[in-house]
Structures are given as C-alpha cells and as structure tokens.
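Computed over heavy atoms, backbone and side chain alike; hydrogens, waters and symmetry mates excluded.
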Amino acid sequence: MTEFFTTPEGHRIAYKKRAGSGPGVLFLHGLHSDMNGDKAEALDAWAAEKGRAFLRFDCSGHGESSEQYPDTSIADWYADAKAVLNDLAEGPQILVGSSMGGWLALLLAREFPQKVAALVTVAAAPDFTEDGYFASFTEDQKTALMEQGYVDLQYGPQPYRIMKKFIVDGRDHFVMRDPLPLPMPTRLLQGTADRSVPPDWAVKLLHHAQGDDIRLNMVKGADHRFSAPENIALIKATLDDLLA
C-alpha cells in the first residue's frame, strides 16, 4: 500500500513500508525508475518471506512523488533519501542502491554511517552527472548549458533536455573526488554488459572507497538493469550473506 509523507523541503514523497525485523532494508531506485521496478518488487517479496523490514520510495520527480522531473536534481533526490532514512526508517538499515540510487546510498553511508548496517550497490552510478553526461558534451553544448541554462540532446525522435541545475547540483554531491569512508560491510554488484554505467566505474569505486570489508562482484553478461532471474537471486543471496 502506497503512503505519503512530506519532507522538510516540502516534497510529497510516495513510499511503501513493510514491517519486520531489523536491520531493515532500504531500497533506492535509479534514474527514471521508481519503487515498483523489478528489483524493488523482488526484494519486497524476499523481505516478506524472511520477515524482514523493507522500505522503498519514489524520489521527487519520479513515480507517484511530487515535483516535475526537469526541475529536480541529485540535490533534491538526496534530500528525499535523507528524510526517508531519518524520519521513516526504524533503526540501522541495509541500503540497496540501484544505479543513481547507488550514488544516493554512497552519500547516505558517508554522512550517516551510524545508520547504515551494510551497503549494497547495483550498477552504481556515482557522479554520473559529470562523468556520464557533462563529460560527453561537445564544447558548444557545454557553453549552451551554462549560458542559457539547458541543453537539448537528441536521443531518439524527441529531444532530451538537460538543465544546468542537473549538472551544477551534481558537483556539490561528488563522492569520487573526495574521501569516501565506508566502515560498514559493502558489496558492489556490476555487470560486464552494462551499456549505461561503464563496468570500470565499479573497479574505480572499489579502489576509491575506504573500508575493511568492501567487495566487488563482477557478473559476466549482466546488463545495467541487473534484473534477470539470476541477477535478482544474487542480490538476495548477497543480503542473506550480510544478514548471516
């Protein structure tokens, strides 16, 4: 059942919360996804079977939450995630972050390590606004973005507009340019056939993060969605191992 709460920033956030034992699992979805994706649904079923608390939500501009997507950025999504962790989650959480949600999970783990029992990223996309989008722009596109406040990219029949806020806010939330202490057990899951997040980003994250229990599981042939039955099974098995 979908419920709603309002963040300190005034965003009306849709969420689903399953009661159960702790530590709970908090799922953070990817860009242009929501809390009802394949991985979130599969983990909710896993939580029901295990009697484990499970919490998922739609970032602002996504799913059933308020705000329009073009007006939002990593700053808004991180504010949403902090409000969920601090106001809705009960006790320490195992964070499971998919793609953009992986970036959010890393930010949460860095700022609130006492609230994070363990961390699992799936095809994490830290700093993707800069290293994915901005790095791919031509010099003319970069100039247009900064001078007129947006740039239109041609992906398919319809142009895709990138706002200046999207890029600039990303620079205030980098995790790959500054120290990234991860004192909790951390598992990085990544597919070799990912066409959205280069697999070597996971290797860079492994080397960049600081912690005594950080492991990378590179899955040959897995794509960015990481939603094939065997990929879902690996996420569940990873959680089972962490809880054991």
Side-chain angles (χ1 to χ4, degrees), residues 23 25-31 39 73-75 77-78 81-82 85 92-137 166-228 230-232 234-244:
V25 175
L26 172 57
F27 182 81
L28 302 108
H29 67 75
L31 193 70
K39 290 185 289 294
S73 70
I74 191 70
W77 307 325
Y78 185 46
K82 286 195 289 186
L85 179 64
Q93 301 290 302
I94 297 178
L95 306 183
V96 179
S98 175
S99 191
M100 178 266 286
W103 186 2
L104 295 177
L106 292 168
L107 286 165
L108 290 174
R110 184 173 68 181
E111 185 170 354
F112 305 103
Q114 73 282 4
K115 292 180 176 287
V116 181
L119 172 63
V120 179
T121 67
V122 181
D127 302 4
F128 76 87
T129 51
E130 192 77 13
D131 298 335
Y133 282 91
F134 194 75
S136 70
F137 292 171
F166 183 77
I167 300 298
V168 173
D169 283 357
R171 293 171 179 169
D172 292 329
H173 294 80
F174 286 156
V175 295
M176 297 297 290
R177 273 83 170 166
D178 300 306
L180 181 59
L182 298 177
M184 67 290 296
T186 299
R187 304 293 180 262
L188 316 175
L189 308 182
Q190 176 68 46
T192 63
D194 193 328
R195 298 293 177 262
S196 298
V197 172
D200 69 337
W201 283 21
V203 178
K204 291 176 182 177
L205 176 57
L206 174 68
H207 289 295
H208 176 68
Q210 303 164 351
D212 295 329
D213 189 5
I214 304 176
R215 305 176 193 176
L216 168 62
N217 194 330
M218 191 75 75
V219 182
K220 187 174 180 65
D223 61 16
H224 185 65
R225 292 184 66 247
F226 215 84
S227 292
E230 63 272 20
N231 302 149
I232 297 290
L234 176 59
I235 299 172
K236 293 178 179 179
T238 301
L239 288 171
D240 286 334
D241 288 344
L242 288 169
L243 289 165

Run the side-chain donor-acceptor check on residues 195-210: report pairs under 3.5 Å with partners two or more places apart or on a different chain.
| from | atom 1 | to | atom 2 | distance (Å) |
| --- | --- | --- | --- | --- |
| Arg195 | NH1 | Ala193 | O | 3.3 |
| His208 | NE2 | Val175 | O | 2.9 |
| His208 | NE2 | Asp178 | O | 2.8 |

Any donor-acceptor pair under 3.5 Å from Thr186 side chain to Met184 backbone: yes
Using the side-chain hydrogen bond (donor to acceptor under 3.5 Å, both in side chains) rule, collect all pairs that involve residues 216-226, keeping only residues at least two apart or in two chains. Asp38-Arg225, Ser99-His224, Asp194-His224
Rounded distance [0.5 Å steps], OG1 in Thr238 versus CG in Leu234: 4.0 Å
Apply salt bridge (Lys or Arg N to Asp or Glu O under 4.0 Å) to Asp169 and list each qualifying residue two or more places apart in sequence or on a separate chain. Lys165
Atom pair CZ/CZ of Phe128 and Phe166 - distance to nearest 0.5 Å: 4.0 Å
With sequence neighbours excluded, tell me which residues meet side-chain contact (heavy atoms from CB on, under 4.5 Å) with Glu230. Ala228
Mind checking what makes salt bridge (Lys or Arg N to Asp or Glu O under 4.0 Å) contact with Asp213, not counting sequence neighbours? Arg187, Arg215
In residues 103-120, what donor-acceptor pairs under 3.5 Å come from side-chain atoms, sequence neighbours left out?
| from | atom 1 | to | atom 2 | distance (Å) |
| --- | --- | --- | --- | --- |
| Trp103 | NE1 | His173 | O | 2.9 |
| Arg110 | NH1 | Phe174 | O | 3.2 |
| Arg110 | NH2 | Phe174 | O | 3.4 |
| Glu111 | OE1 | Tyr78 | OH | 2.6 |

CG on Leu95 to CZ on Phe27, rounded to 0.5 Å: 11.5 Å
For Ser98 and Lys39, the nearest pair of non-hydrogen atoms, with its separation, is OG-CE, 3.1 Å
Can you sort out the partners of Leu243 under side-chain contact (heavy atoms from CB on, under 4.5 Å), two or more places apart, ordered by chain and number? Pro23, Trp46, Arg52, Ile94
Can you list everything that forms a side chain to side chain donor-acceptor pair (under 3.5 Å) with Gln93? Sequence neighbours excluded, please. none
CG of Leu182 to CG of Leu188, rounded to nearest 0.5 Å, is 8.0 Å
Is the shortest side-chain heavy-atom distance between Leu28 and Trp77 below 4.5 Å? no
Hits for side chain to side chain donor-acceptor pair (under 3.5 Å) against Asp127, two or more places apart or cross-chain, chain-then-number order -> Arg177
Taken in chain and number order and not counting sequence neighbours, the residues that satisfy side chain to side chain donor-acceptor pair (under 3.5 Å) with Thr129 are none
